[in-house]
Number of protein chains: 2
Amino acid sequence: MRTLTAELKHLPLFAGMTEEEIARQADALRGFRSREEKGNILIREGEKTERCGILLEGTLQGHRVDEDGVLSVVSTLSAGMMFGEILIFSDQPSPVTLTALTDCRILWLGPIDLQRTDARLIRNLLALIGSEYWALHQKIRYCSIVSLRKRILTFLKDHEATPKDPFSVPFDRNGMAAYLNADRSALSRELSRMRGEGLIDYHKNRFRLL
Amino acid sequence: MRTLTAELKHLPLFAGMTEEEIARQADALRGFRSREEKGNILIREGEKTERCGILLEGTLQGHRVDEDGVLSVVSTLSAGMMFGEILIFSDQPSPVTLTALTDCRILWLGPIDLQRTDARLIRNLLALIGSEYWALHQKIRYCSIVSLRKRILTFLKDHEATPKDPFSVPFDRNGMAAYLNADRSALSRELSRMRGEGLIDYHKNRFRLL
DNA sequence: CTCATTTCGTTGCCAAGGCAACAGATTTTT
DNA sequence: AAAAATCTGTTGCCTTGGCAACGAAATGAG
């Protein structure tokens, strides 16, 4: 673990720390790497965990399936993002199931001994928690919009980097529908209506607001 | 501030700490008390803050109003709960507006210097963040249930302390509707249907599952 | 290349529930 | 206590969008 800190120094968790500090902290944090195949489940809904992780490579998805089998996608994680870091300090079970959407490389951390942890790292950790908290609020924002059209538009606007330019969303139709709590066919229908009215243009997961 | 630690030692944030430690930490945390009248806004959506707080007495509500004036209630806080503790370590703006639903007493804390903060207190803080995170996931769980009836039932089950016993929910009809993302009249209609079918019984904000 | 599998679009049907409007009940104000 | 304001229930109307079913397109496997 004390090797390969080069890959770690660009991670938000280690921001502002020297390689030496990182190596020492990663040691104290009991870090180790693993590979996960597409489809693997990293954390199951309802389970507790004492480890959190950083996604070094690949894509993860946090989701939940209700009694009727309806899939609800809560989050999508891309490289550099962290997961489980909120769980390990409370004894709450995981609210979602975390699955590898592609082959992944993970850096696992924990259990974390706060006494031995750098204040700088704790600050970074808290900032990361803030981001995740924010993402969750976004999801709630979408959920609480009644009209599907407005829900879609809000979602798209939030993903638009610069006005009028095309952009990608990190979902296929199914995923997008599950994230927006909508029926896939209803989503398709509404999207093509919106294209018909000249509001948007799109192809696959690339969109453009007009 | 170094007085009146008696009231603080039962707060989750100070769990497991001696009065002496609490007094020292509360000092380091720049704590001070304030009173807020019913209707006061403590934090406004979109604003950043470097202070967080603990609700010593009263009730707070976190909510958001969309462009069309639709109210969405995100959380309700009762005495002992904390707010804003996630915000102060990230530079995210507040995702909700926090309003006093009744007259309140608040203990304000921050800005927090992590270097000078007890590890025990940080652990407590992280545990509290975990609870809030969990509550947010609950809200998402409700949101993502399509059928209003199931949404109501899930919500009620989560508030039922012991099976078959009556229990209160911390909302009036309007609040409950806003929290469940439903129309108030639709909620009333569904509730009386459910009563008609012998599923539940209720009066005002007291319910019973049958 | 062919067959299989997954993904995406389309459309008809229909029920859930949003919306508006009103009435009774309850609470607060004066 | 009277009046005002707020809260809750009820009901009719009608749109939104869930559901199912199917075909086309795209992707992948053998």
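For clarity, every value in this text was computed on a predicted model and none was experimentally measured. We name chains A, B, ... by the order of the sequence lines, and we start the count at 1 in each one.
With A:V74 as the fixed residue, the side chain to side chain contact (heavy atoms under 4.5 Å, CB included) test singles out one of A:L136, A:L98, A:T97: A:L136. Screening B:L56, B:N40, B:L55 for a side chain to side chain contact (heavy atoms under 4.5 Å, CB included) with B:I106, the sole residue that qualifies is B:L55.
In terms of the salt bridge (charged side-chain N to carboxylate O under 4.0 Å, His left out) criterion, residue partners of A:K9 (sequence neighbours excluded) are, by chain and number, A:E19.
At most 12 heavy atoms of other shown residues, nucleotides or ligands fall within 6.0 angstrom of atom CZ in A:R44. Heavy-atom neighbours of A:Q138 CD from other residues, nucleotides or ligands within 6.0 Å: above the threshold of 12.
If you take CG of A:L101 and C1' of C:dT7, they are 14 Å apart, rounded to a whole angstrom. Rounded to an integer number of Å, the gap from NZ of B:K150 to P of D:dG18 is 14 Å. Rounded to an integer number of Å, the gap from A:L191 CG to D:dT16 P is 16 Å. The distance between atom CG of A:L153 and atom C1' of D:dT16, rounded to the nearest whole Å, is 16 Å.
Side-chain N/O atoms of A:Y133 and B:E132 include a donor and acceptor closer than 3.5 Å. Side-chain contact of A:E47 with A:T49: a donor-acceptor pair under 3.5 Å is absent, judged by distance alone.
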Each nucleotide in nucleotides 16-23 of chain C should get exactly one letter: B, S or -. Can you fill that in based on protein heavy atoms under 4.0 Å?
-BBBB---
Taking only N/O atoms, report every protein-nucleotides 25-30 of chain D pair under 3.5 Å with atom names and distance.
residue, atom, partner, partner atom, Å
D:dT27, OP1, A:K204, NZ, 3.2

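Within 4.0 Å (heavy atoms only), A:S188 reaches at least one base atom of the nucleic acid.
Listed by residue number, the members of residues 171-180 of chain B with any heavy atom below 4.0 angstrom from DNA chain D are B:D172, B:R173, B:N174.
A salt bridge links B:E7 with B:R33: the distance from a Lys NZ or Arg NE/NH1/NH2 to an Asp or Glu carboxylate oxygen falls below 4.0 Å.
Scanning both residues, A:R64 and A:P95, for their nearest heavy atoms gives NH2-O, 2.8 Å. A:N205 and A:F171 get closest at one heavy-atom pair: CB-O, 3.4 Å. A pairwise comparison of heavy atoms in B:C52 and B:M82 identifies SG-CE, 3.7 Å as the closest pair.
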Could you pull out all donor-acceptor pairs under 3.5 Å where a side-chain atom in residues 142-151 of chain B meets a protein atom, sequence neighbours excluded?
residue, atom, partner, partner atom, Å
B:Y142, OH, B:D158, OD2, 2.6
B:S144, OG, B:I140, O, 3.0
B:S144, OG, B:R141, O, 3.1
B:S147, OG, B:R149, N, 3.3
B:S147, OG, B:K150, N, 3.1
B:R149, NE, B:E190, OE2, 2.8
B:R149, NH1, B:E197, OE1, 2.9
B:R149, NH2, B:E190, OE2, 3.1
B:R149, NH2, B:E197, OE2, 3.0
B:K150, NZ, A:D68, OD1, 3.4
B:K150, NZ, A:D68, OD2, 2.4
B:R151, NE, B:L180, O, 2.9
B:R151, NH1, B:I145, O, 3.1
B:R151, NH1, B:V146, O, 3.1
B:R151, NH2, B:L180, O, 3.4
B:R151, NH2, B:N181, O, 3.3

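Rotation axes derived from the C1' atoms of the five outermost pairs at either end of the helix from C:dC1-D:dG30 to C:dT30-D:dA1 lie 50° apart, to the nearest 10°.
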Begin with the C-alpha distance, continue with both residues' side-chain angles, and end with the deciding distance and a verdict on side chain to side chain contact (heavy atoms under 4.5 Å, CB included) for B:L60 and B:M81.
CA-CA 10 Å; B:L60 299 179; B:M81 297 175 80; over 6 Å; no
